[in-house]
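In what follows, a single structure is set out as structure tokens and then discussed.
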Amino acid sequence: MLAVSCSPIKNSLYQEYLSLKYEIEPCTTNYVYSQTINLNGLATYYKRGINLVVQNQKLINMHLGDPMVEPLPIRGAEVAVYDWNKQLVQCGITNENGELKSLDEDDLKIPITAGNYTVRVYSRVNKILTYTGKPDFEMNVSVKKDIYTNELYYLEDTVYNDGVTQPYAELTAYARQSESIEVNGGAFNILNAIYSGYDYIRANTGNVNTTCLNDKLNVYWKAGFNPFQYYYPDQDPSTLSSNSYY
């Protein structure tokens with residue numbers, strides 16, 4: 001008891017945060033099986049709008065509003081499918097409508113073997129963006145929780161495959177903590193904003209070299225975490241000015 005009482009108090013993740021971890025490897029393999037069944041599904045996210053506070057025709061403040069009534073599609077995100085033994089059985093991607101597709105954006109096929117399958121959509125995009133008459137470039141971006149664990153956000157659903165009826169997965173990221181402790185809708189909103197930025201560049205630039213956009217982009221965001229803590233790690237968080245960005 002004496003030894004325990006005199007030892008420093010440590011967070012349950014203390015040992016985990018002592019060393020950096022690497023981001024998990026991307027799911028980029030198209031697995032081929034002799035007998036398959038289509039796995040269908042939809043990945044969406046909710047975002048919150050901004051309410052403007054105006055006095056005497058001057059903007060004095062802004063704060064988050066309610067989430068949108070209808071969710072938005074999660075575009076271009078990485079899809080991974082695991083069997084009941086937690087073995088990876090297929091990789092895919094979400095299309096412009098948020099639908100689960102294969103890596104070449106065809107039907108997503110899994111083994112016909114009956115059982116439970118776990119479907120994940122990660123907060124990561126790694127795809128080639130093309131536009132008629134213009135050079136292609138790569139969008140390679142990950143939205144992660146922090147700079148120590150390099151852990152991706154993900155949505156998960158478990159579906160049962162009976163080998164006859166095509167299973168369907170529903171994956172939704174929410175914008176309120178009452179619906180998601182991590183407020184994972186924020187992470188996928190960031191991913192979508194960057195995707196839209198790349199898409200805008202692709203559509204509105206001339207026939208120029210845009211390979212400078214191919215470099216990996218690592219984005220860090222966590223609900224309730226003040227990023228100033230990265231710059232001043234030894235300071236009490238309560239003494240730091242409030243800020244929010246990624």
Side-chain angles (χ1 to χ4, degrees), residues 1-26 43-55 58-68 71-72 74 77-78 120-126 139-156 171-198 215-246:
M1 291 175 61
L2 179 62
V4 172
S5 63
C6 294
S7 63
I9 298 175
K10 296 179 181 179
N11 184 282
S12 60
L13 296 178
Y14 177 81
Q15 294 296 332
E16 181 177 359
Y17 281 95
L18 283 179
S19 59
L20 297 180
K21 290 189 174 181
Y22 293 103
E23 180 181 338
I24 61 171
E25 290 296 319
T44 59
Y45 75 98
Y46 285 92
K47 66 175 291 187
R48 297 176 69 176
I50 298 293
N51 292 335
L52 306 181
V53 181
V54 179
Q55 287 184 358
K58 291 184 178 180
L59 177 64
I60 61 171
N61 203 351
M62 296 184 294
H63 57 82
L64 286 173
D66 293 329
M68 300 177 67
L72 298 171
I74 296 175
E78 178 181 319
R120 285 187 178 182
V121 172
Y122 288 99
S123 57
R124 177 165 60 189
V125 173
N126 188 358
M139 179 179 177
N140 189 0
V141 56
S142 296
V143 179
K144 298 185 276 190
K145 297 179 182 180
D146 56 65
I147 63 174
Y148 306 106
T149 64
N150 282 291
E151 186 177 355
L152 298 167
Y153 291 88
Y154 63 84
L155 306 177
E156 182 176 282
L171 305 110
T172 305
Y174 292 97
R176 287 190 185 280
Q177 198 166 40
S178 58
E179 298 167 299
S180 166
I181 293 297
E182 295 180 324
V183 196
N184 49 24
F188 285 95
N189 183 40
I190 292 170
L191 190 69
N192 184 72
I194 297 173
Y195 187 101
S196 297
Y198 274 70
D215 290 344
K216 175 65 180 290
L217 187 62
N218 294 298
V219 180
Y220 300 95
W221 174 83
K222 183 178 290 187
F225 178 77
N226 186 345
F228 272 144
Q229 197 72 49
Y230 285 135
Y231 293 101
Y232 308 103
D234 296 328
Q235 299 241 356
D236 184 334
S238 64
T239 65
L240 299 175
S241 59
S242 177
N243 211 328
S244 178
Y245 58 90
Y246 58 85

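No hydrogens, no waters, no symmetry mates; every other heavy atom, side chains included, goes into these values. Computed from a predicted structure; not experimentally measured.
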So do the side chains of D66 and R176 get within less than 4.5 Å of each other, counting heavy atoms only? yes
> For T149 and D146, does a side-chain donor sit closer than 3.5 Å to a side-chain acceptor?
Replying inline: yes
The reported gap from OH in Y232 to OG in S241 (rounded to nearest 0.5 angstrom) is 8.0 Å
What I want to check is whether the side chains of Y46 and N189 have a donor and an acceptor closer together than 3.5 Å. no
Tell me whether the count of non-hydrogen atoms from other residues, nucleotides or ligands lying under 6.0 Å of CZ in F225 goes above 12. yes
Between R120 (side chain only) and E156 (backbone N and O only), is there a donor and an acceptor less than 3.5 Å apart? no
Looking only at heavy atoms, the pair that brings P26 and R124 closest together is CA-NH2, 3.1 Å
Looking only at heavy atoms, the pair that brings V183 and A223 closest together is CG2-CB, 3.9 Å
Test side-chain contact (heavy atoms from CB on, under 4.5 Å), reference I74, set N192, T172, V125, L155, output is L155
Heavy-atom nearest pair, S123 first then V143, reads OG-O, 2.6 Å
Within a 6.0 Å radius of atom NZ on K47, are there more than 12 heavy atoms belonging to other residues, nucleotides or ligands?
no
Assess, by modelled atom type and distance only, whether the side chains of K21 and N150 contain a donor and an acceptor separated by less than 3.5 Å.
no
